[in-house]
Amino acid sequence: MSELANTRPSPSPNTGPDRGQLAQLFRQFIDPDFVIEDPETQKPYECDGLSMYCEMPLLVVLPETVEQVQQVMKICHQHQVPVVARGAGTGLCAGAMPNRQGVLLSLAKFKRILEIDPLGRTARVQPGVRNLAISEAAARHGLYYGPDPSSQIACTIGGNVAENSGGVHCLKYGLTVHNVLKVELITVEGERLTIGSGGLDSPGMDLLALLNGSEGLLGVVTEVTVKLLPIPEKARVVMAAFDSVQAAGDAVGGIIAEGIIPAGLEMMDSHAIRAAEDFARAGYPKDAQALLLCEVDGTCEEVQEHIERVEQLFHRFGATSIRTSQSEAERALLWKGRKSAFPAVGRISPDYYCMDGTIPRGQLAHVLTEMQKMSEHYGLRVANVFHAGDGNLHPLILFDANVPGEFEKTEAFGAKILELCVQVGGCITGEHGVGIEKIRQMPVQFNPEELAQFHRIKAAFDPAGTLNPGKGVPTLRQCQEYRSIEPPSAEHPAPSSCGGSHV
Ligand SMILES: Cc1cc2nc3c(=O)[nH]c(=O)nc-3n(C[C@H](O)[C@H](O)[C@H](O)COP(=O)(O)OP(=O)(O)OC[C@H]3O[C@@H](n4cnc5c(N)ncnc54)[C@H](O)[C@@H]3O)c2cc1C
C-alpha cells in the first residue's frame with residue numbers, strides 16, 4: 001500500500017494566479033468571450049449527465065485551435081492549475097465535473113470533420129465532433145462509424161475515446177478502442193503527440209489502447225482518426241418475448257453459442273417493457289417478463305439465413321411470442337421502444353439512477369434474480385434495459401430525491417449491484433467509466449498493487465496530478481474511506497452532491 005500512499009493524485013492547492021489573473025493570461029491568445037469567469041455563464045458546465053455531482057470551476061475556456069489548447073496546458077502546468085477536459089458533457093460518471101480550483105477546458109469548438117477517406121475507410125475528425133455526425137458525413141460514401149452510444153446525437157468523439165464508449169452495435173463491431181486508429185494528444189506540459197497510425201498496427205508500445213478509456217487523466221485529445229465500416233445491405237430485427245428472465249438469459253447464450261454474432265442483442269425486463277411500450281407504442285407485449293431484440297445485418301442472403309436460425313432458436317428457448325421486422329419502418333419502430341426506454345422510465349419515477357456494470361453472459365439470469373432480491377431489501381424498484389449480448393447491464397434504480405435518505409439508499413443499492421458484478425467475474429463499468437461515481441468500487445475490483453500500477457501510469461503522463469484530479473483511480477486515503485461501501489455519512493460524505501434529478 002505504501003506505493004499508493006506516495007502518489008500525488010490531487011495537485012497541491014493553487015497558490016499561483018487568481019481567477020482574474022489567469023483569465024487575463026488566457027485572454028492574450030483566446031477570444032475574451034470564450035474565457036468565462038462569470039458564475040452565471042459557467043453554470044451549464046457545473047456537471048455532466050450525472051447531475052447529482054456538481055462543482056463550479058475557477059474558469060471555463062473554449063479554445064479554437066490546437067495551439068491555443070497547448071498554450072492553456074502550458075500556463076496551467078506552470079502554475080499547477082488543474083485541468084478538466086469536456087466534450088458534450090453527456091458522461092454518466094461525473095468524469096467531466098469541474099475542479100473548483102481548476103480550468104474547465106471545453107472542446108466544443110473543435111467541430112470539424114477534417115477528412116473522410118473512402119478508399120482507406122477512415123475519418124479524421126476534431127474531438128468535439130458528435131458521434132452521429134461522423135456517420136452522417138460518411139453516409140454519402142456508403143460508410144458509417146460503428147460504435148453507437150445511445151447518446152450519439154450529442155456526445156463527442158473526444159468523450160467517446162476518453163470513456164471507451166460502447167453501444168448497441170458494439171457486440172459485433174467492437175467498442176471505441178477497436179475503432180480508433182490514431183489520436184493527437186496534448187500532454188499536461190502542452191506537448192503535441194501522435195499516438196497510433198493510419199494502419200492496423202503501429203510500432204512501439206500500444207499507448208492508443210491505454211488512452212481509450214483513460215477518462216481525461218492522461219492528456220487532452222485534439223484529433224481522432226477512426227475506422228469506417230460499409231453500411232450493411234440489409235438489417236432486420238427479431239423481437240422475442242419470454243415469461244422469465246432466466247429463459248431470455250439462456251436464449252442470449254444460445255444465440256452466441258450458435259455462432260451468430262448479432263449486430264445488436266438487447267434485453268429489457270418487465271418494468272422497462274411496460275414503461276417503453278406506454279411511451280413509444282412499439283408493439284411490445286406488456287405481459288412479458290423479458291424481451292429480447294436481436295438485430296442481424298449483412299447481405300440479404302446472410303440476413304435471411306440468420307433470421308431463420310434466430311427465430312428457431314428463440315422458439316427452442318421457450319419464447320412466448322416472436323415478431324420479425326418486415327420493413328425498415330417496422331425495424332425502426334421496434335428499436336424506438338428500446339431507444340426511448342430511459343426517458344420512458346423517467347415517466348414512472350421522479351428520479352432514476354442508471355448503473356453500468358458488466359458480467360459474463362452466462363450469469364445474466366443469476367444476477368437479475370439477485371438484483372430483484374436487493375430491490376426488495378432496499379425497497380426500491382429497478383428496471384433493466386441493457387446490452388445483453390455483451391453482458392453490459394444498465395439497471396435503472398427508481399427513487400425520489402425529495403424523500404430524505406432515498407438517494408443515499410439508491411447509491412448503496414447501486415454499489416451492491418456493482419459488487420455483485422465483480423463477484424460473478426464481471427466488472428464495475430461496461431462503458432460509462434469510473435469518474436467520481438464508481439471510484440468507491442475500484443478497490444472492490446482491483447487490489448492495492450493493481451491500483452498502485454495505475455497511479456504509476458498516471459504519474460508517467462501527469463506527475464503533479466493536475467489532469468482531471470480525484471477521478472478514475474482512488475488514492476490510499478479514498479480506499480480506506482471507501483472500504484465499507486455504505487451510504488455516505490457526515491464523516492465520509494459523497495463528493496459534492498447537488499441533489500436533483502438525473503439520468
Ligand atoms: C441518455 C444517455 C445515454 C447514454 N448512452 C450511452 C451508451 O449507450 N454507451 C456509452 O458508452 N455511453 C453512453 N452514455 C454516456 C456518454 O454519452 C458517453 O460516456 C460519452 O462518450 C461522453 O461523451 P461526451 O462528449 O459527452 O464527454 P463528456 O461527458 O464531456 O466527458 C467524458 C469524459 O471524457 C473526458 N474528455 C472529454 N473530451 C475529452 C478530450 N477531448 N480529451 C480528453 N478527455 C476528454 C472528460 O474529461 C470526461 O472524463 C449515455 C449518456 C446519456 C446521457
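This one's a predicted model, so the numbers in the text were calculated from it and none came from an experiment.
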**Study point:** side chain to side chain contact (heavy atoms under 4.5 Å, CB included) between Leu210 and Phe461, intermediate numbers included
**Key:** CA-CA 11 Å; Leu210 183 62; Phe461 281 80; 3.8 Å; yes

Check your understanding: Run the side chain to side chain contact (heavy atoms under 4.5 Å, CB included) check on Cys294 and Ile255 step by step: do they pass?
Key -> CA-CA 9 Å; Cys294 178; Ile255 295 228; 4.0 Å; yes

Point to revise | Verdict with supporting geometry, His432 and Cys354, side chain to side chain contact (heavy atoms under 4.5 Å, CB included) | key: CA-CA 10 Å; His432 293 170; Cys354 175; 3.8 Å; yes

Point to revise | Evaluation steps, side chain to side chain contact (heavy atoms under 4.5 Å, CB included), between Gln152 and Tyr145 | key: CA-CA 11 Å; Gln152 67 177 160; Tyr145 175 60; over 6 Å; no

Practice item. Check the pair Lys416, Glu419 against salt bridge (charged side-chain N to carboxylate O under 4.0 Å, His left out), reporting the backbone distance first and the verdict last. Key: CA-CA 5 Å; Lys416 289 288 175 209; Glu419 280 183 58; 3.7 Å; yes

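To the nearest 0.5 Å, the span separating CG on Asp390 from CD1 on Ile359 amounts to 11.0 Å. Here the CG-OH distance, from Leu229 to Tyr144, works out to 5.0 Å after rounding to the nearest 0.5 Å. Taken to the nearest 0.5 Å, the CZ atom of Phe110 stands 10.5 Å off from the CD atom of Glu223. How far CE of Met268 is from NE2 of His394: 12.5 Å, rounded to the nearest 0.5 Å. Interatomic distance, Leu380 CG to Thr410 OG1, rounded to the nearest 0.5 Å: 4.5 Å. Here CG of Asp48 is found 8.0 Å from OG1 of Thr90. Values are rounded to the nearest 0.5 Å.
Contact of the Val84 side chain with the Pro57 side chain is not registered, since no non-hydrogen atoms from C-beta on lie closer than 4.5 Å. Contact of the Leu364 side chain with the Phe386 side chain is registered, since non-hydrogen atoms from C-beta on lie closer than 4.5 Å. For the pair Leu217/Phe454, no side-chain contact is recorded, criterion being any heavy-atom separation below 4.5 Å from C-beta on. The shortest side-chain heavy-atom distance between Cys170 and His387 does not fall under the 4.5 Å cut-off. No side-chain heavy atom of Asp356 sits under 4.5 Å from any side-chain heavy atom of Leu92. Within the 4.5 Å cutoff, side-chain heavy atoms of Leu59 are placed close to those of Phe26. A heavy-atom distance below 4.5 Å is found between the side chains of Leu105 and Pro63. Here the side chains of Tyr353 and Phe413 are not in contact, with every heavy-atom distance at 4.5 Å or above.
In this structure, Arg130 contributes its side chain and Ile153 its backbone to a donor-acceptor pair below 3.5 Å. Judged by distance alone, with hydrogens and angles left aside, the side-chain atoms of Asp148 form a donor-acceptor pair with the main-chain N or O of Val168 at under 3.5 Å. Panel note: side chain Ser197, backbone Asp201; a donor-acceptor pair is recorded below 3.5 Å. Panel note: side chain Glu266, backbone Val385; no donor-acceptor pair is recorded below 3.5 Å. Side-chain N or O atoms of Lys227 include one that pairs as donor or acceptor with a backbone N or O of His178 at under 3.5 Å. At distances below 3.5 Å, at least one donor-acceptor pair connects side-chain atoms of Asn468 with backbone N or O atoms of Glu215. No donor-acceptor pair closer than 3.5 Å links the side chain of Lys111 to the backbone N or O of Gln126. Side chain of Glu55 to main chain of Pro98: no donor-acceptor pair is present (N/O by atom type, distance under 3.5 Å, no hydrogens or angles). Looking at Asp351, its side chain does come within 3.5 Å of a backbone N or O of Ala401 through a donor-acceptor pair. A donor-acceptor pair is defined here as one N or O able to donate and one able to accept, closer than 3.5 Å; no such pair exists between the side chain of Lys438 and the backbone of Cys93.
Among all heavy-atom pairs drawn from Ile439 and Gly470, the shortest one is CD1-O, 3.4 Å. Nearest heavy-atom pair across Gln101 and Val81 is O-CG1, 3.7 Å. In terms of heavy atoms, Pro469 sits closest to Pro82 at CG-CB, 3.8 Å. Across every non-hydrogen atom of Ala85 and Leu107, the tightest pair is CB-CD2, 4.2 Å. Taking all atoms of both residues into account, the shortest heavy-atom contact from Pro147 to Asn179 is CG-ND2, 3.5 Å. Across every non-hydrogen atom of Val161 and Val221, the tightest pair is CG1-CG2, 4.4 Å.
Salt-bridge formation is detected for the pair Glu370/Lys373: a Lys NZ or Arg NE/NH1/NH2 atom is positioned less than 4.0 Å from an Asp or Glu carboxylate oxygen.
Shown here is Arg19, whose CZ atom has more than 12 heavy atoms of other residues, nucleotides or ligands within 6.0 Å. Other residues, nucleotides and ligands place no more than 12 heavy atoms under 6.0 Å from the NZ atom of Lys339.
Using cut-offs of 30° and 60° for the angle between ring planes, the His169 and Trp335 rings count as tilted. Between Phe399 and Phe407, the ring-plane angle classifies as tilted under the 30° and 60° cut-offs.
Partner Lys182 forms a side chain to side chain contact (heavy atoms under 4.5 Å, CB included) with one of Ile195, Thr225, Leu208, Val224 and no other, that one being Thr225.
Under the 3.5 Å distance criterion, with hydrogens and angles disregarded, no donor-acceptor pair is assigned to the side chains of Ser165 and Glu163.
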